[in-house]
Trainee: 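Right, I'll just put the structure down here and ask away after.
Naming convention: chains lettered A, B, ... in sequence-line order (proteins, then strands); numbering from 1 in each chain. Computed from a prediction, not measured in an experiment: that's the story for all the values here.
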2 protein chains.
Amino acid sequence: MAAALGLSVATISRVLARPEMVKPETRKRVMKAIETMGYRPNFLAQALARSETRLAFFIVPILSPFFLDVMDGVEQAAQEDGYFVLMANARRDLQRIQTFYEQVAARRADGVLLLTGLLPPSLIPPKAVWPPTIIVAEPIDDPRGITVAVDHAEAAHIALRHLCGLGHKKIVHIGGPLRTLSSRERRRGFEEALRDAGLPFSPKLVIEGNFDVETGEKAIVTFFENGIEPTAVFAANDEIALGAIRGAHRLGLRVPDDISIVGFDNQHFLEAFEPGLTTVNIPRFDIGYQAMKRLVRKIANDKDVSSLRLPTELIVRETTAPPRIGKKTQKKPM
Amino acid sequence: MAAALGLSVATISRVLARPEMVKPETRKRVMKAIETMGYRPNFLAQALARSETRLAFFIVPILSPFFLDVMDGVEQAAQEDGYFVLMANARRDLQRIQTFYEQVAARRADGVLLLTGLLPPSLIPPKAVWPPTIIVAEPIDDPRGITVAVDHAEAAHIALRHLCGLGHKKIVHIGGPLRTLSSRERRRGFEEALRDAGLPFSPKLVIEGNFDVETGEKAIVTFFENGIEPTAVFAANDEIALGAIRGAHRLGLRVPDDISIVGFDNQHFLEAFEPGLTTVNIPRFDIGYQAMKRLVRKIANDKDVSSLRLPTELIVRETTAPPRIGKKTQKKPM
DNA sequence: TTGTATGCGTTATCAT
DNA sequence: ATGATAACGCATACAA
């Protein structure tokens, strides 16, 4: 190309890759030619020669605002390291995840950020070879899975400490589908925290559902039908919590006067809500950022990239207060 | 590679690209070898030889749930045509958009889906060469820009017809930033529809702000401070509408009894809201799907891909009703 | 129907 | 410090 101007292609390549190896004089000459000719190295050729795509798959089970924030962090980190992110929507189909992994094998991308705890079949066997992979936002029990996430059980503890600190004794949990480890962990945290507070646990205090508004709305009604009459609810995510608020209203209960509700995630759309939902914040951007940083190291064959747990934080807003009936503890929340 | 088994690489290449050109017998032989050896064509080599990446940039000014739904449609179409989508977050920086365009010049992607009306500097000059580009969800006035979007002015008409049909006479508009053409079109539609209904227009009936809750909340207060006292509000998006509801509550107004409010977008998080917001639906998934389909054709050098306008639809929920004071028209809405 | 040979635009290894 | 040249793995025009 620019070699037509006296030099060989090798020299051109060098001024771009290792400028110090070339005589300053010719370097400038080449630089100028690059400038005037508007030369850009062909990325495909580079990729083939180096055998790297500088692409990472971002595999989600479904598109959601939660993943969007994670993606934001991923994109930021990717940009810093010269990577781009490939959106891969599995649409709840494990088979499609498999397909994405085959794409990696076909040199379509260098690694994958897996936003789900369910592994594709090909990764399950003990001697299966894993392409560079980071499990994101979801815990996993396979020891080969490097993960970046929060401690869901601990987050549940944080929420429960707040509720107990307010003096609540009748606390229930509305959880997500138990097939996900994160749901199980939140539930476990709920159970542990109850015991830590000297409160009795019973399976009747927990209802499992989906991560949606409807689940929360129905669950709250079910509790009262079953004679449970909680004064506080720990929901497995914000949608469920919002549903619980709606259900409470439907029963003629005021929030937080008659019943306190704590959510999980601290999603952006909560800003538009009244009353402001007390919830547990998950650092979604940071999770994405750290995950991508680790993936880059993994791709570079760094042997000691380890899992990472990011801290959660309670965001106290307006849906929690001391219980109306029973002794109103004056301990500060937390 | 598999050529080590009797044949030449060309044959292998052929069974994958044009199977009919090869003798059924050898075809099977090759297929089986491919199967057993777990052979996958190296995508980078293919890409270099064909000079195509099968990648499309999805350039957004900022990550938002709105774009997420568009992305969903894009991803669907991309998958159908063997493309992948590169997430490119410009972070409100025009310079970054420019950078993404340079990446496609460097053969990093084949085309771009531009989710903003602002063009990067390099595309502005009349003789500038445009790489395959589809402008998505945002209208643009450059004739070179093929766009897939809705007719914002018409959508405003739809909303206003509903309000007028209910008997409202004092209708105001809370708009988004006027630097975007879509905001200007919605505002224009508002103005036109008012005149169509024989209602007087005045600049005082419009407040410009950002696409957020705060804008809506402040605006509603401002209207009353200015003595406007509207009975209905047409908001430029759902967040503004939600803010308007909040502002109305703050003023002691009930929705829809004292004031009707119409949003724009019909975002998913509305499902969690009470009262249900009446709003104009934008077919986000379809927009993305059609845009990507068109981009593929554009990349294939199809000369006659044209712009597309998708229809909007009014979603009547609970925030609109006839005005309390004044004659209550009994015409059916719409 | 199949093989040969060249090109795609870099990087990297030897030479010089 | 620079040039020549062989990979990189496939597609394709041309031969056979």
Trainee: Applying a 4.0 Å non-hydrogen cut-off, can you work out what Arg107(B) is touching in the nucleic acid: base, sugar-phosphate, or nothing?
Mentor: nothing
Trainee: Measure up the Phe57(B) and Phe100(B) rings against each other and bin them: parallel (under 30°), tilted (30 to 60°), perpendicular (over 60°).
Mentor: tilted
Trainee: With DNA chain D as reference, determine whether Pro41(B) or Arg14(B) sits nearer its 5' end, using the nearest nucleotide of each.
Mentor: Pro41(B)
Trainee: Under 4.0 Å between a side-chain N/O of Arg18(B) and OP1 or OP2 of dT12(D), yes or no?
Mentor: yes
Trainee: OP1 or OP2 of dG9(C) less than 4.0 angstrom from a side-chain nitrogen or oxygen of Ser13(A), does that happen here?
Mentor: no
Trainee: Any base atoms under 4.0 Å from Arg27(B), or only sugar-phosphate, or nothing? Heavy atoms, all strands.
Mentor: nothing
Trainee: Regarding dG9(C), can its base be found pairing with the side chain of Arg40(A) as donor and acceptor, where the two atoms are less than 3.5 Å apart?
Mentor: no
Trainee: Counting only side-chain heavy atoms from C-beta out, which of dA4(D), dG9(D), dG3(C) sits nearest to Leu7(B)?
Mentor: dG3(C)
Trainee: Is the distance from OP1 or OP2 of dG9(C) to the nearest side-chain N or O of Gln46(A) less than 4.0 Å?
Mentor: no
Trainee: Report yes if at least one side-chain N or O of Thr11(A) is closer than 4.0 Å to OP1 or OP2 of dG3(D); otherwise report no.
Mentor: yes
Trainee: If you measure from the Lys or Arg side-chain nitrogens to the Asp or Glu carboxylate oxygens, is any gap between Arg91(B) and Glu75(A) under 4.0 Å?
Mentor: yes
Trainee: Determine the contact category for Ser51(A): base if any of its heavy atoms lies under 4.0 Å from a base atom, sugar-phosphate if only primed atoms, P, OP1 or OP2 are that close, otherwise nothing.
Mentor: nothing
Trainee: Taking only Lys NZ, Arg NE, NH1 and NH2, and the carboxylate oxygens of Asp or Glu, determine whether Lys293(B) and Glu80(B) approach each other closer than 4.0 Å.
Mentor: yes
Trainee: Among Val136(B), Val148(B), Leu113(B), which residue satisfies the side chain to side chain contact (heavy atoms under 4.5 Å, CB included) criterion with Arg294(B)?
Mentor: Val148(B)
